[in-house]
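For reference, the structure is listed below as structure tokens.
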Amino acid sequence: MAMYRNPRLFIRTLFVRRTLFVRSHPAIRFRVVRLTSCVLALAIGLVLLPTRSVHSRWDVPQTVEPVTGAHGSSLSASSSAKMAVATPMPEVAPGGEASTSVPLPDQARVPILMYHYVSELPPNPDRYRRALTVLPENFEAQLQHLADAGYHPVTLTDLYLYLAEGYPLPEKPIILTFDDGYSDAYEVVFPLLLDFGFPGTFFVLATPAHFESPGYLTWAQMKEMSDAGMDIQAHGRDHVDLRGRSYDYLVYQIRGIQEAVYYHTGHLPRFFCYPSGQYDASVIAVLKSAGYWGAVTTQWGATHARERLFEMPRVRVQGHDTLESFVDKLEDWD
């Protein structure tokens with residue numbers, strides 16, 4: 001028991017016993033020698049490996065060649081790296097202001113036509129319904145005039161990209177918008193737009209589509225229109241005045257229609273149409289926070305400024321417009 005109280009004596013005794021055991025068993029001795037050789041070769045290989053830095057998954061090895069300074073000295077790797085990735089500064093014009101290759105326009109003159117109903121009048125219509133209803137034959141004549149006069153219908157996205165990023169617009173651009181998502185948008189407007197090869201922008205409501213209310217577009221119809229190149233945009237869950245509402249209610253109306261259209265069509269609305277043209281600063285703030293790019297009003301006009309994309313005016317097309325008065329409205333903005 002004395003050797004167990006002396007660690008050195010205990011380890012030495014075990015080593016001697018192991019040596020005697022290996023010598024008395026040739027097969028085991030051969031295996032021990034072979035294992036020892038493998039371990040030794042592995043240790044030598046690790047020692048002889050060239051040393052190099054190891055990079056983590058977020059490190060990028062420096063591959064930039066050293067840059068020779070003005071006096072022949074080599075700059076450090078960090079300095080050369082900074083020089084390699086430095087962002088070039090814009091050229092400075094003679095007046096001292098930085099210039100860009102494509103200056104952004106401050107405004108654009110693009111008529112945004114505003115339609116509601118495109119259908120036959122119902123029995124005993126009131127004056128509001130008469131004013132909001134364009135007969136199908138009149139609408140087709142208006143499209144024919146646009147085609148003959150060289151107008152090029154575009155979308156609100158095209159207008160936004162022109163003002164915000166400098167993308168070009170075609171000659172005589174014009175935008176066709178249709179409010180409220182009535183069923184005649186699918187039955188009358190959609191086929192005629194396809195015949196002329198024109199895109200249309202349709203501001204729709206979620207609640208009538210959810211319940212498939214008579215006289216309104218269904219989600220299936222909107223999906224078909226969207227797949228054919230029509231632009232399905234947001235008008236709210238319901239057609240209500242949004243002024244003076246709570247934040248939660250605005251999110252429900254504004255974000256709700258955006259999510260519903262995206263779910264049913266696969267395209268996220270980026271533009272909003274204020275119900276009855278009514279809005280305030282809180283409505284605009286929620287629109288911006290929800291990722292909208294702009295909004296249209298019922299105010300009269302055809303000039304759109306980059307700083308007022310959430311207050312874009314439109315040109316109302318009314319039921320009593322003749323082709324001549326329709327042309328006059330367009331020429332007011334040419």
Check ion pair D179-R314 (N to O, under 4.0 angstrom): yes
Close side-chain approach of V296 to F271, heavy-atom, < 4.5 Å: no
E171 side chain to Y151 side chain, donor-acceptor N/O pair below 3.5 angstrom: no
Under the side-chain hydrogen bond (donor to acceptor under 3.5 Å, both in side chains) test, residues paired with D148 that sit two or more places apart: Q144
Distance-only donor-acceptor check, side chains E165 and Y160, under 3.5 Å: no
Transitive ILVMFWY side-chain link F196 to V118, under 4.5 Å: yes
Whether over 12 other heavy atoms sit under 6.0 Å from R306 CZ: yes
H239 NE2: over 12 foreign heavy atoms closer than 6.0 Å: yes
Check: R109 main-chain N/O paired with T303 side-chain donor or acceptor under 3.5 Å: no
L268 reachable from L287 in the ILVMFWY side-chain graph, under 4.5 Å edges: no
Pairs where residues 242-267 contributes a residue and the test salt bridge (charged side-chain N to carboxylate O under 4.0 Å, His left out) is met, not counting sequence neighbours: D241-R243, R255-E259
Sidechain N-carboxylate O distance under 4.0 Å for R130, D126: no
Ring pair (Phe, Tyr, Trp, His ring centres under 6.0 Å) contacts in which one or both residues fall within residues 107-139, not counting sequence neighbours: Y115-F139, Y115-F178, Y117-Y182, F139-F178
Working for side-chain hydrogen bond (donor to acceptor under 3.5 Å, both in side chains), residues E140 and N138: CA-CA 5 Å; E140 184 173 5; N138 292 346; over 6 Å; no
Donor-acceptor side-chain pairing of D231 and T155 below 3.5 angstrom: no
Spatial distance of atom NZ (K288) from atom CD1 (I254) [nearest 0.5 Å]: 12.5 Å
